[in-house]
Protein chains: 2
Amino acid sequence: MSLRHVLLGLLSENPGHGYGLRKRIVHRLGHFRNINEGQLYTQLAKMEKEGLIEREVVVPEKGPARKQLHITPKGKQAFLDWLRSDQYEDDGVLYDFMQGYTFFSKVNFFQHLEPEEARDKVRSQISQMKDKKKAYEEILLQMERRNADPFRIRILTFGLKELENRIEWLADLEGDLVRQQKEAV
Amino acid sequence: MSLRHVLLGLLSENPGHGYGLRKRIVHRLGHFRNINEGQLYTQLAKMEKEGLIEREVVVPEKGPARKQLHITPKGKQAFLDWLRSDQYEDDGVLYDFMQGYTFFSKVNFFQHLEPEEARDKVRSQISQMKDKKKAYEEILLQMERRNADPFRIRILTFGLKELENRIEWLADLEGDLVRQQKEAV
DNA sequence: ATGGGCATGTAAGCGGTTACATGATTAT
DNA sequence: ATAATCATGTAACCGCTTACATGCCCAT
């Protein structure tokens, strides 16, 4: 999706300053480890130079100067053009689902691991995914309570289903690995 | 996962030359649009300099010279270290599932689109996903026929389930958008 | 003979990460 | 006091993409 389009989208909805946008991205796209400042401010500077956004320096009586960013009509148009285009709707990767769950990249090579080693990895994943599921359920509840955007609720609902599938799949895999282990004995 | 680890993994299984590795990556990771040559050969050169792989120039009577690549013990160890480590098992993104299906990045902003526009996008996605599903089913059948690595079969099975979920989810979304449209009339 | 597949590379550029630097405010 | 959070930036680096260059072999 590229940072640029997220920024354009968020600023289409509400103006804001850099640091605030960072938090909104974390909230919307779910990066736990802070989004990096480097790319943020450099991208914002670039977008300003291209006339997609404008900044207005706000100096409050208290607190550091904030640079309030507003989207320009040109920026709004660029955002809408991206949204309407086919761009990013097919990334040219047949097994795109693997990118969503990087653990697959290792499972792909599990034949190189002893069954117990693989099994431990799978077990650790199961507990991680269960934690994630709880986090999703809480977020979903909050979103429903505050009548959040239905499209975003839908997306989270998909995410929850996906996690359930992952857990189920991992459990099956664990079962297989345990069976393999017993056979070896 | 990074190209380096895929390369190390593939060369752990069988030696090969650059062009052949490219095809194996396409086969294994499913990049339709050719994997780019740039990164491939530069990465390979880097890995050789680091002593992870060795090359042996093979000049056949016919055809261009091939540079057969072999993994070194050091390379094999680096691969196993990666496989056993926790690296890449958690990418710090809460909504990681969104990365697997880039269409979500747009749905996130569907409130900015007219219901018919959104509906058309969803319909186009449904047909794309159905095509993908057929492709997966065929690949799975082939894998089972030639007794492919069970771990990889499992991964594909997950992918198929994922596609079914996407299609179901998209159909629900379409239904909502059609309803929204009728209400507007 | 022409285009497609095999085969190996180089160069420029871009988007993103890591790490560092600075300084103010707020909470404990 | 001091740690955390708010806030804005710069510099070096890295992985990957895009695009180009070269040349051989094979099928139509």
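Atom set for the values below is all heavy atoms of this structure, side chains included, hydrogens, waters and symmetry mates excluded. In what follows, chains are A, B, ... by sequence order, proteins preceding strands, each numbered from 1.
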With clusters defined by side-chain heavy atoms of hydrophobic residues (ILVMFWY) lying less than 4.5 Å apart, directly or transitively, does B:Leu160 cluster with B:Trp169? yes
Note: B:Glu89-A:Lys121 ion pair, threshold 4.0 Å (strictly below): yes
Rounded to whole angstrom units, what separation is found between the NE2 atom of A:His31 and the P atom of C:dG15? 16 Å
Assess whether a salt bridge exists between A:Glu138 and A:Lys134, defined as any Lys/Arg side-chain N lying under 4.0 Å from an Asp/Glu carboxylate O. no
To the nearest angstrom, how far is A:Asn34 atom CG from D:dG9 atom P? 17 Å
Any side-chain N or O of B:Arg55 below 4.0 angstrom from OP1/OP2 of C:dT8? no
Expressed in angstrom and rounded to an integer, what is the separation of B:Glu56 atom CD from C:dT8 atom C1'? 17 Å
Can you measure A:Lys67 atom NZ to C:dA24 atom P for me and round it to whole angstrom units? 14 Å
Donor-acceptor contact below 3.5 Å, side chain A:Lys74 vs main chain A:Glu50: yes
Quick one: do B:Asp86 and A:Lys106 make a salt bridge, cutoff under 4.0 Å? no
Rounded interatomic separation in angstrom, taking CD from B:Gln87 and C1' from C:dT17: 14 Å
Would B:Arg166 and B:Glu162 pass as an ion pair if we require N to O under 4.0 Å? yes
Is it possible for you to say whether B:Tyr88 and A:Phe104 belong to one hydrophobic cluster, with membership spreading through side-chain heavy-atom contacts below 4.5 Å? yes
Whole Å only: how far is the CD1 atom of A:Ile53 from the P atom of D:dT8? 12 Å
Thinking salt bridges, do A:Arg123 and A:Glu174 make one under a 4.0 Å N-O criterion? yes
Does anything in residues 91-103 of chain A reach DNA chain C, meaning a heavy atom under 4.0 Å, and if so which residues? none
Could you tell me how far apart B:Tyr41 (OH) and C:dT10 (P) are, to the nearest whole angstrom? 11 Å
Distance in angstrom units between A:Glu37 CD and D:dT5 P, rounded: 14 Å
Does any residue of residues 12-26 of chain A have a heavy atom under 4.0 Å from DNA chain D, and if so, which ones, in number order? A:His17, A:Gly18, A:Tyr19, A:Lys23
Under 6.0 Å between ring centres, would you say that holds for B:Phe97 and A:Phe97? no
In terms of side-chain geometry, is the basic nitrogen of B:Arg28 or B:Glu13 positioned less than 4.0 Å from the acidic oxygen of its partner? yes
Are any protein N/O atoms closer than 3.5 Å to N/O atoms in nucleotides 12-16 of chain D? If there are, list each pair with its distance.
residue, atom, partner, partner atom, Å
D:dG15, OP2, B:Lys46, NZ, 2.9
D:dC16, OP2, B:Gln39, NE2, 3.1

Are the charged groups of B:Glu56 and B:Lys67 less than 4.0 angstrom apart, N to O? no
